[in-house]
Participant: 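First, the structure itself, so that you have it in front of you.
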Amino acid sequence: MALEIQINDRKAYVDNLNQEDSKMLIDIDGKHYEIDIVMVEDNVYSILYQGKSYNVELIPKENPKSYIVNTLYNSYDVDIIDAERKYLMSRKSDDDDDSDSISTPMPGKVVSIPVKTGDKVSAGTTVIVVSAMKMESEYKVKKDRVIKNILVKEGDIILANQILLEIE
Amino acid sequence: MALEIQINDRKAYVDNLNQEDSKMLIDIDGKHYEIDIVMVEDNVYSILYQGKSYNVELIPKENPKSYIVNTLYNSYDVDIIDAERKYLMSRKSDDDDDSDSISTPMPGKVVSIPVKTGDKVSAGTTVIVVSAMKMESEYKVKKDRVIKNILVKEGDIILANQILLEIE
Amino acid sequence: MIQKLLVANRGEIAVRIMRSCREMDIKTVSIYSDADRSAQHVRYADEAYRIGSPPSSESYLAINKIIQLAKKTKVDAIHPGYGFLSENPEFAERCKEAGIEFIGPDSKAISVMGDKISARKTMQQAGVPVVPGTTEPIIDESLVLNKIRDIGLPVMIKASAGGGGKGMRKVTEEKEILAAVRAAKSEAKDAFGDDSVYIEKYIESPHHIEFQIMADKYGNTVHLFERECSVQRRHQKVVEETPSPVMTPQVREIMGQHAVNAAKAVNYHGAGTVEFITDDDLNFYFLEMNTRLQVEHPITERVVGVDLVKEQINVANGNRLSFVQEELSQKGHAIECRIYAEDPDNKFMPSPGKIKHISEPLGLGVRHDGYVYKGYVIPIYYDPMISKLIVWGESRTEAINRMRRALYEYKITGVKTSIQFLEKVMKHPEFEKGIYNTHFIENNEKDLLEPEDCEGNCEEMAIIAAFKDYLTKQKRMALRQNGASDKNSKWKMAGRTKH
Amino acid sequence: MIQKLLVANRGEIAVRIMRSCREMDIKTVSIYSDADRSAQHVRYADEAYRIGSPPSSESYLAINKIIQLAKKTKVDAIHPGYGFLSENPEFAERCKEAGIEFIGPDSKAISVMGDKISARKTMQQAGVPVVPGTTEPIIDESLVLNKIRDIGLPVMIKASAGGGGKGMRKVTEEKEILAAVRAAKSEAKDAFGDDSVYIEKYIESPHHIEFQIMADKYGNTVHLFERECSVQRRHQKVVEETPSPVMTPQVREIMGQHAVNAAKAVNYHGAGTVEFITDDDLNFYFLEMNTRLQVEHPITERVVGVDLVKEQINVANGNRLSFVQEELSQKGHAIECRIYAEDPDNKFMPSPGKIKHISEPLGLGVRHDGYVYKGYVIPIYYDPMISKLIVWGESRTEAINRMRRALYEYKITGVKTSIQFLEKVMKHPEFEKGIYNTHFIENNEKDLLEPEDCEGNCEEMAIIAAFKDYLTKQKRMALRQNGASDKNSKWKMAGRTKH
């Protein structure tokens, strides 16, 4: 079964040439890997390749075909691009520009929102202050913007990557 | 929702009188328990009752309504007897005598089977020898019996509670 | 005799205290906020009670509620841990009024040491060297210029009520001084409700070296040697070790004696820590005294061979210290790394969230004091410290090698952690040589944050693991779809199973 | 200099050895049987290779395959751990021929100590006291009666090649002796292919006390004090401690000297253990020497403060011992409990299977050497030991209290374990007092196996937890059935998710 796998910025073509129990012969971009792979714990794989012992952990994202993959010191974003995924991606709109909203990379609590809907703000203006574990972080707009919509209020508990403000 | 719960040899009548978030008021055989219960890990519950902190682990058996339940020092067999279960049990035949077969409580490897199908054996005769972790165990019949069927052979890897020989 | 004890804290320190209680056959009572119902300290305690909503002010800092609960549960003593109410003189006093033993010194010792200006004065009277500077709050700004000419630039302006770097300003030129004093005052007022500030000489190349002290209620006071705590970022300790790689036996003895004198000057009893700032030539000055158990106390426990929590309880019980100074010695070397839920690549931003997977380091010479477990959600309300990894080695080199090995074994996913950053610290040549001061992290930030090279084929192995997982899932889905046609299979199965 | 090392073992000891290698920056190679592909030692090693099918004879005992792999992977040394090939003189010899350092003594020392009769003879020549008895295999049965009249009844008949209690018989009456000799010979022949047996005086109330020794290749030999290993069942150690509660400084010095002499008598180098049997009056006799690392070596490491695996490698590298006798001392008290996958309530039957859940004890004074993890399936082919729990305390009492605490924290489900049984041992008055001998477990079996009382309402809590779980499942199932009507939901979901 050949398919594309996106790993960070690289797109790899991967094919399973042979499989017998835990042994697999895998082709990645034309190079062959004869490996032995077993899942030893939930989402943790042990791989032996040319004798070397690798431990690889997968953290599935919401979409079951997307993973964060951790090796000893590195962490990768990996997407399996099979036929279904390709179809869905072809239908996706192009304007996937995340700068039309403000969100935070971690959960926390809204401390203050020094702007209101309709405000015109200049580049570098703080539009929301969020605290987590006693540390406060300010989030700013990078260009001149208009505040379109404020989706949270002071004191709200927010999730990581939750959209807090829409801007335009 | 009231139902019967079998715990070891005891049958308890249990009812959920009230529930709010993690707090529950439960009636067990007429006695009321006001408790706070949350699942803190897979299959591990933390219960607070009259301030006391209890940690209880459930190990589901094959049937999802049967558990092994471990408290600090004790282990219980618990069966939830709801309507579906009652119906199934009523259909079950009565001759549920496990002495019509030989099985072992642990997995292992068959070392030898000193009997053959059709043999008449007297009480105390060893009918199968099983090894696990370098220790051999002999399994004997408790009464005079006839070997009806031998389901495994020497060298076989066996599971816990797998039926090895049928006797009559 | 203390037979039941309330731990007015959470996280690793609450569990650590309860472990010693269990070994002493003392029953424990935990308190928890709504954010902590699933936390380890609730599961570990003999009894646990809700104390309030998540913000500390409504739970772990709520003196009235805690005292009330302590009375209701009939505990003999309260252990405050570190942080929260541990250095709150009012809380110590309220415990006393309620007839409950507060595991710590008298409220008076806490008060004197809690205010930096009064602490400096008391130390000067006791003959303990303090950093050259003012001994009174700055009121008359006109005297400031004379003062800094006496001391010599650069100087630090510090808030008397301060802590955590707030209300602190470095001044290198005379003309900056008045603006800096005013800014520090305003910041101190905001942060602590007290605008008292004072001036100290700025120590170049400073080392943070502290002494553990222990005293009973009869005036017997000993020190348990030093801890080197100069690996810091934003005035927060990250790695501690003992013995200090720069210490000499002569200076150790003198500093230890001053630490004991510092404690005696405030009639101290219980466990405490006297912090010194030293320069490269081991000139040392009293910095402050922490009137409680310290986060990094385990390295002292390991090298000296005592259980400090047990000794705290022993002293609280009115017993004499179970050792005299001459019986104490240091054996081998211990290092502690603090593991934080934070993202070193993103300005060390806190990273609360759910622990997806955890593998803890084990084996010879490794102690691990933690409280999280697989599936636990680290709440957003409290300190981001996950655990403390403590190793011991016969030599400093062995301890460093062992810490590297332990960090290598330690895996936590779901939240970002400082584990890899700490591995870099352990491999840094300056740390290896023991030549570092409190500027170590900021001076070496680039090296310490550089991503580790992929070893061999790790990108390909990541692809392979994801590919294998995908194939397995596809196969399972195919099986399930075929199996689904067999409508009554579940009921049949149940009927066939013997109970 | 050893830079790459093959560990010819599995389980906790393989991981323990690799931990020290990692701290020494030595690369490690693991071997695994088909039953061990998922085992921790495969995951921990730098390299891992399949060696054969599950039975030991085809994997961990397959000398040819292991030597071949060692050559192929270009390792400098092989560490045999304990068990398997660790005391196989042929294996030591084959390593030597292949130019690979065997971490252990010469094959000759292994041979002499492996045969009990030749060991007894060698010890007698070296002036080490042996249990009164015969020094030659019994060939002429007519001489046996005279001999036992010399020694005095009761006596033990033992197989020269013996171990693990096989070919062993106690004789209390003269008339039993010839039948017993013949039975022992036949059993020894079956078990070891060698029917040599000899006679020893039976020691009443025996204590099993052993001394750790360490020697370099230049004849420098030291002992690292004793371990008390009298808590045994079926001749298998269950709990070990150091110092021995019955030892005196005088006897320790004499026994230690004899242990050193025993090692010197066979030109020993590396780590070894000299086992003695003693009576209640501390009369002691050489029992055997184990020419390898011992399962219970960690308690010595803790109390003496050394890493024995590192020292083994140091000696194998041709270096001198890194300490002399005078530098060694014991500090505090250490206890080890062996945690087995077994069912104490069912004649200690092995209990292999899948680990459903594991919580490991942590904190001050606790070392845990294990290899299993959640989801790991303990195979049926090998030793049932899961892990070793080692604690240290300032005093024996503190060590016992800490072990109780650690056992309390240690939870493993999925397989039966000896954890609760060990808790009972730690609470038994005879153990607490330190008054016990090798009959301790059999004499107290009833007490040690009595089920612990339910604390409070545990039966009700079990009912409540099951009830709650059932309610949660029912609710989830109801939700799923409602949700299932929405046919294309999965596809819609995927379409909505941003990638």
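Keep in mind that the numbers below use all heavy atoms, side chains included, and drop hydrogens, waters and symmetry copies. Residue numbering restarts at 1 for every chain, and letters A, B, ... go by the order of the sequence lines.
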Participant: Check E459(C) with R10(A), please: is the shortest side-chain N to carboxylate O separation under 4.0 Å?
Facilitator: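 Result for this pair is yes, salt bridge flagged.
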Participant: Would you name the heavy atoms of V69(A) and A462(C) that are closest together and state the gap between them?
Facilitator: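 Closest pair (atom of V69(A), atom of A462(C), distance): CG1-CB, 3.5 Å.
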Participant: So for I68(A), is it side chain, backbone, both, or neither that comes closer than 4.5 Å to the heavy atoms of chain C?
Facilitator: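 Neither part.
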Participant: Counting only heavy atoms closer than 4.5 Å, note whether K65(A) contacts chain C via side chain, backbone, both or neither.
Facilitator: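 K65(A) touches chain C through side-chain heavy atoms alone.
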Participant: Restricting to non-hydrogen atoms, name the atom on A12(A) and the atom on I463(C) that form the minimum distance, rounded to 0.1 Å.
Facilitator: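 Closest pair (atom of A12(A), atom of I463(C), distance): CB-CD1, 3.8 Å.
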Participant: Any idea which of K347(C), E423(C), K416(C) has the most non-hydrogen atom pairs under 4.5 angstrom with chain A?
Facilitator: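 Option with the top pair count is E423(C).
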Participant: By a 4.5 Å heavy-atom criterion (distance strictly below it), what part of Q50(A) contacts chain C: side chain, backbone, both, or neither?
Facilitator: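 For Q50(A), no heavy atom lies under 4.5 Å from chain C.
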Participant: Checking I157(A) against chain C: side chain, backbone, both or neither under 4.5 Å from a heavy atom?
Facilitator: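 Contact with chain C involves the side chain of I157(A) alone.
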Participant: Do you know which of K411(C), K356(C), Q420(C) has the most heavy-atom pairs under 4.5 Å to chain A?
Facilitator: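 Among K411(C), K356(C), Q420(C), the one with the most close pairs to chain A is Q420(C).
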Participant: From I35(A) CD1 over to I464(C) CD1, what is the distance, rounded to the nearest 0.5 angstrom?
Facilitator: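 One finds 5.0 Å between CD1 of I35(A) and CD1 of I464(C).
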Participant: Would you call I28(A) and F467(C) a side-chain contact if the rule is heavy atoms closer than 4.5 Å?
Facilitator: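 I28(A) vs F467(C): side chains apart.
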Participant: Which one of I378(C), I419(C), D383(C) has the most heavy-atom pairs closer than 4.5 Å to chain A?
Facilitator: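 Among the listed options, the one with the most contacts to chain A is D383(C).
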Participant: Using side-chain heavy atoms (C-beta onward) and a distance below 4.5 Å, is M39(A) in contact with T472(C)?
Facilitator: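 They are not in side-chain contact.
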Participant: I'd like to verify something: which residue of M349(C), K473(C), E460(C), E342(C) has the highest number of heavy-atom pairs under 4.5 Å with chain A?
Facilitator: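 With the most close heavy-atom pairs to chain A, the winner is E460(C).
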Participant: Ignoring hydrogens, what is the shortest heavy-atom contact between P350(C) and A132(A)? Give both atom names and the distance.
Facilitator: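 Heavy atoms only, the tightest pair is CG-O, 3.5 Å.
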Participant: Please classify the contact of P451(C) with chain A as side chain, backbone, both or neither, using a heavy-atom distance under 4.5 Å.
Facilitator: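 For P451(C), there is no contact with chain A at all, as no heavy atom is under 4.5 Å.
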Participant: Please lay out, stage by stage, how D469(C) and Y67(A) fare under the test side-chain hydrogen bond (donor to acceptor under 3.5 Å, both in side chains).
Facilitator: CA-CA 10 Å; D469(C) 197 70; Y67(A) 304 92; 2.8 Å; yes
Participant: With only heavy atoms counted, which part of L72(A) is less than 4.5 Å from chain C, the side chain, the backbone, both or neither?
Facilitator: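 For L72(A), the contact with chain C is made by backbone and side chain together.
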Participant: Is it the side chain or the backbone of N346(C) that comes within 4.5 Å of chain A heavy atoms, both, or neither?
Facilitator: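 Only the side chain of N346(C) comes within 4.5 Å of chain A.
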